[in-house]
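Numbers for residues simply follow the sequence, beginning at 1.
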Amino acid sequence: PDGRLPLAAAERAIPREPDRDRRRALARAVAEAMAPAAALREGAAETRARLRAESGLPPDWAIVVEGDQLLASTDDAWRDLLTFAARRDLGLAPGPAGDLTRADLLHLMAFPSLDGLFRPAALAEAVRGTARDLGLALDAVRVDEPAGAAAWPGTRAHGARVLHRPWGGLADWPALLDALGRALTAAVHPPHARDEAFGPALGGLLAGLCLEPAWLAARLGLGRAEAPEVLRSTGLRRLLHLRCAAAALRVGTEVERGLSGQAWREAHREALSSALLAGWDGVRAARDADAGRLAAVVRGFAEGERLRAALRERFDEDWWRNPRTREHLAGLTAAGRLADAEPAGAHAAGAGLAALLERGRA
């Protein structure tokens with residue numbers, strides 16, 4: 001709206017823009033700017049899919065089913081809570097009957113009214129305190145904040161390194177905790193010795209602390225009256241991340257089977273719009289071309305919730321500050337894998353999260 005702007009800066013501005021006309025203008029500009037690079041990424045993904053097929057590597061349909069079950073188990077909770085929050089905070093209705101867009105959804109899920117609670121200094125102290133309580137070796141992980149104009153916002157783990165360019169507020173808390181969990185496992189084990197499920201599981205466990213009422217109360221100084229609303233906000237943000245990954249996972253897997261071109265963009269737009277009840281941009285399809293990354297989100301959530309349930313059973317509801325938890329997690333981290341058990345189900349984990357959000361308390 002105000003002239004030329006770096007693409008990453010425009011994307012970062014959308015969730016923080018209170019004026020809807022300006023949000024929509026920023027979103028249109030970002031989509032137009034992404035188009036040339038998106039076409040190149042789509043071409044690369046199609047080439048990779050063809051090579052995978054020629055090498056006899058089949059798509060992982062089992063995790064796609066898990067993603068569908070995660071969506072099904074959280075449909076009602078997402079629709080009810082999103083409808084209430086969108087009407088209260090934006091005066092808008094979600095799809096398919098309403099006109100909520102991706103830009104509106106990102107602004108809503110930024111929860112700017114909670115910025116005073118979810119401060120950067122409080123996040124730094126929460127990470128240090130949690131690492132101290134759980135015996136996590138943060139000195140083995142390097143956290144960098146890229147400062148260049150082209151640096152994309154958000155938090156990602158790359159091996160034992162975490163790239164953290166904050167969105168601001170609530171969004172940074174589960175994202176940083178998840179990335180730290182993944183990076184910690186990578187720091188202990190070389191690539192060939194890593195269990196692909198353990199890093200996402202530890203990341204999911206740490207991100208899930210944002211759904212522990214007692215942990216939130218301890219780190220944010222919440223009163224009893226504030227806790228349910230803050231818990232629902234953190235849970236809605238978690239659901240946004242999970243439902244986005246689960247919906248994109250099926251489309252990304254279809255790409256491995258040959259879906260391409262305009263059909264790919266339309267399938268991605270329809271899948272995300274349906275799952276999130278907000279109009280999506282088809283140009284973003286290429287950013288969700290890596291089905292393996294999306295599968296790790298779904299699997300990490302399910303395994304993280306299974307691990308959290310086991311810790312609550314063994315070490316009580318405040319497992320995250322029980323000294324015995326340190327020894328248990330140290331053993332798991334040294335082994336680099338979860339204890340042998342049946343794989344966790346995303347459906348059960350999603351149903352548990354939905355029930356927690358509907359109650360507003362543990």
Side-chain angles (χ1 to χ4, degrees), residues 2-17 23 26-27 29-38 40-41 44-45 102-103 106-107 109-112 115 118-128 130-131 136-188 191 194 199-200 202-204 206-207 210 237-238 240-241 244-245 248 281 283-290 292-294 296-297 300:
D2 298 326
R4 294 183 66 83
L5 184 70
L7 175 58
E11 181 79 339
R12 193 178 185 214
I14 290 173
R16 292 289 161 175
E17 177 50 63
R23 276 201 310 272
L26 281 166
V30 167
E32 291 171 7
M34 288 177 65
L40 296 175
R41 290 183 66 138
R102 175 183 180 275
L106 293 183
H107 176 65
M109 291 295 155
F111 294 106
D115 285 353
F118 291 95
R119 296 171 290 107
L123 173 56
E125 179 54 36
V127 167
R128 285 193 295 266
T130 300
L136 303 176
L138 285 185
D139 55 349
V141 174
R142 175 180 171 185
V143 180
D144 293 325
E145 183 173 338
W152 209 252
T155 306
R156 293 164 292 281
H158 292 275
R161 184 185 180 200
V162 173
L163 298 180
H164 176 58
R165 189 180 189 196
W167 286 102
L170 167 59
D172 295 327
W173 285 58
L176 181 57
L177 288 166
D178 178 82
L180 286 171
R182 294 168 184 256
L184 282 166
T185 62
V188 175
R194 292 174 196 160
L202 184 58
L206 296 183
C210 294
R237 181 78 200 187
R238 188 82 185 274
L240 169 65
H241 179 59
C244 189
D281 306 321
V283 73
R284 295 179 180 275
R287 293 188 63 82
D288 288 327
D290 186 354
R293 177 183 62 82
L294 300 168
V297 173

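- Across Ala110 and Asp115, no two heavy atoms sit closer than the pair O-OD1, 4.4 Å.
- Judged as a side-chain contact (heavy atoms from CB on, under 4.5 Å), and not counting sequence neighbours, the contacts of Ala248 are His268, Leu272, Asp288, Leu294.
- Looking at Met109 and Pro15, their side chains never come closer than 4.5 Å, going by heavy atoms from C-beta outward.
- Contact between Ala183 and Val162 at its shortest, heavy atoms only, is CB-CG2, 3.7 Å.
- Here the closest heavy-atom approach between residue Ala45 and residue Ala289 is recorded as CB-CB, 3.7 Å.
- Shortest non-hydrogen contact noted between Gly154 and Trp167 is CA-NE1, 3.5 Å.
- Considering every non-hydrogen atom in both Ala179 and Thr155, the closest pair reads CB-CG2, 3.7 Å.
- Residues Leu136 and Leu206 form a side-chain contact, since some pair of their non-hydrogen atoms from C-beta on lies under 4.5 Å apart.
- If you take CZ on Arg23 and CG on Leu106, they are separated by 9.5 Å, rounding to the nearest 0.5 Å.
- A donor-acceptor contact shorter than 3.5 Å is absent between the side chain of Arg238 and the backbone of Cys210.
- Not a single donor-acceptor pair under 3.5 Å links the side chain of Asp144 to the backbone N or O of Leu163.
- Rounding to the nearest 0.5 Å places CZ of Arg237 at 8.5 Å from CG of Asp172.
- Leu123 CG to Arg128 CZ: the interatomic distance, rounded to the nearest 0.5 Å, is 9.5 Å.
- Within the model, atoms CZ of Arg161 and CZ of Arg156 stand 10.5 Å from one another, a figure rounded to the nearest 0.5 Å.
- One finds the CE atom of Met34 at 6.5 Å from the CD atom of Glu11 (value rounded to the nearest 0.5 Å).
- Residues satisfying the side-chain contact (heavy atoms from CB on, under 4.5 Å) test with Thr130, not counting sequence neighbours, are Leu134, Leu209, Trp215, Arg219.
- Arg287 forms a cation-pi arrangement with Trp152, by the criterion of a distance under 6.0 Å to the ring centre and an angle within 45° of the ring axis.
- In this structure, CG on Leu180 lies 9.5 Å from CG on Leu202, to the nearest 0.5 angstrom.
- Put simply, the side chain of Val297 reaches to within 4.5 Å of the side chain of His241, judged on heavy atoms.
- Of all heavy-atom pairs between Ala286 and Ala38, the closest is CB-O, 3.7 Å.
- Residues Val30 and Arg102 are not in side-chain contact: their nearest non-hydrogen atoms beyond the backbone lie 4.5 Å or more apart.
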